[in-house]
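Below: the structure, in structure tokens.
These values consider heavy atoms only, across backbone and side chains, with no hydrogens, waters or symmetry-generated copies. Numbering of ligands and ligand atoms starts at 1, following listing order. The residues of the chain are indexed from 1 along the displayed sequence.
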Amino acid sequence: MAKKNRTKCVGILTSGGDCPGLNAGIRALGKMLLKYNISIVGILDGFTGLIENRYIHMGLNELTGLLTQGGTILGTSRNKPYKMPLEDGTYHDMTGAAIENYHRLGLDCLICLGGGGTQKNAYHLMNKADINIITIPKTIDNDVYGTDVSIGYDTGLTIGAEAIDRLHTTASSHHRIMLVDMMGHNAGWLSLSSGLAAGADIILIPEIEYDIEKVFDELLRRKEHDKRFSIVVVAEGSKMKKEKIDKKNKGNNKKKNKNNSDKVFFPHKVPESELLANRIEKKIGLETRVTSLGYLQRGGIPTPADRMLATHLGTRAGEAVLNGDYGVMTSFTKGKYVLIPLKDIAGRKKIVEMDDPLIKTARCLGICLGD
Ligand code: F6P
């Protein structure tokens with residue numbers, strides 16, 4: 001039975017990297033709350049806005065036209081209340097300011113749309129004071145623990161698959177190896193699903209350290225079978241297995257490095273995809289190109305599936321407000337919309353397990369996963 005609801009005012013914020021579908025979630029939640037005469041405060045730029053007391057009042061006008069709009073109308077940041085960066089480069093615990101502003105705004109509940117970091121920050125804030133928090137999972141990476149799928153993932157994978165489709169035609173025309181560098185942080189969901197959906201030949205993910213010799217072998221095997229091009233998806237966090245070092249050559253390398261003759265200095269970390277492309281060209285001489293999708297993968301309009309997910313999760317959060325169910329994340333798990341306690345989620349990540357259907361299916365198709 002629904003608990004008696006006395007909620008008058010709810011705050012909404014978006015935190016972490018933006019993604020398509022956030023606005024659809026804000027819209028669904030907002031429309032539902034307004035229907036129950038609950039007023040809404042939109043906190044700007046994530047937890048930073050809460051600490052700095054920056055916000056807007058949201059009515060039907062502010063919630064109109066959001067369903068298909070990418071990004072977040074509230075703005076976002078990656079800042080954590082307990083570790084706010086200051087101008088002098090130091091960090092400061094501003095949890096007190098966040099809690100003070102929660103009360104100053106007269107909030108009965110704060111709803112945070114965010115990824116894994118946001119779940120942790122929300123839980124931390126909730127434990128520091130008696131404030132009511134509900135979260136909604138979003139990230140193209142799909143690595144939020146406690147939900148099968150997060151807002152933004154379907155759009156990210158759709159953009160990834162479309163990119164591979166486009167690279168296929170140019171790869172086959174030029175007989176090239178095409179490496180596609182995808183986002184995903186330390187999880188392989190986006191790369192595996194986009195790669196499977198678009199027929200990649202090799203998919204490298206953070207969960208499986210890849211053996212570079214296996215990658216060379218697969219590219220050569222394809223060439224021998226008259227496949228004159230290959231598509232290799234390289235997830236952002238993928239790593240190469242340490243190679244066995246030939247002791248004789250190790251000595252020579254040491255000598256070489258001593259006089260700096262072949263040292264190259266890079267101002268930034270070189271992406272794994274660039275390193276791998278370089279090795280492929282050097283070792284097997286196949287012409288190789290790298291396409292990095294970067295922020296394109298989380299920009300633009302959400303897919304209909306993401307709009308639907310955001311609408312369901314947004315309204316489930318609205319229901320949780322009405323029922324006074326706080327300290328929870330709305331989740332879509334095993335075909336059902338459920339509430340998961342934040343204490344079971346905070347600080348955890350959902351990575352691809354080796355028995356996941358994505359891995360099984362990829363292996364059944366003979367896609368090389370680098371192991
Ligand atoms: O979490 C989404 C994501 O796009 C990751 O895939 C990527 O590692 C990261 O954000 C990029 O972060 P930022 O926006 O801070 O550069």
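Using a 4.0 Å cut-off between charged nitrogen and carboxylate oxygen, Glu209 and Lys239 do not count as a salt-bridge pair. Look at Arg363 and Asp371 and you find a salt bridge, because one of the NZ, NE, NH1 or NH2 atoms lies within 4.0 Å of a carboxylate O, short of that distance. A salt bridge is defined here as a Lys NZ or Arg NE, NH1 or NH2 lying under 4.0 Å from an Asp or Glu carboxylate O, and Glu224 with Arg221 fails to meet this definition. In this structure, Glu162 pairs ionically with Arg166, as a charged nitrogen and a carboxylate oxygen lie closer than 4.0 Å. Between Asp143 and Lys349 there is a salt bridge, since at least one side-chain N of the basic residue sits less than 4.0 Å from a carboxylate O of the acidic one.
Considering only non-hydrogen protein atoms, atom 15 (O) of ligand 1 sits nearest to Arg78 NE, 2.7 Å.
Less than 4.0 angstrom separates some heavy atom of Gly184 from each of these atoms of ligand 1: 6 (O). Under a 4.0 Å criterion applied to the non-hydrogen atoms of Tyr295, ligand 1 contributes the atoms 13 (P), 14 (O), 16 (O). Ligand-side atoms of ligand 1 in range of His185: 6 (O), 8 (O), range being under 4.0 angstrom from any heavy atom. Atoms of ligand 1 lying under 4.0 Å from any heavy atom of Asp141, numbered from 1 in the order shown and given with element: 1 (O), 2 (C), 3 (C), 5 (C), 6 (O).
The proximity of Gln297 to ligand 1, defined as any non-hydrogen pair under 4.0 Å, does not occur for either the backbone or the side chain.
Phe332 and Tyr337 have tilted rings, their planes meeting at an angle from 30° to 60° on a 0 to 90° scale.
With Glu236, Arg298, Lys138, Met182 as candidates, the residue nearest to atom 11 (C) of ligand 1 on a non-hydrogen basis is Arg298.
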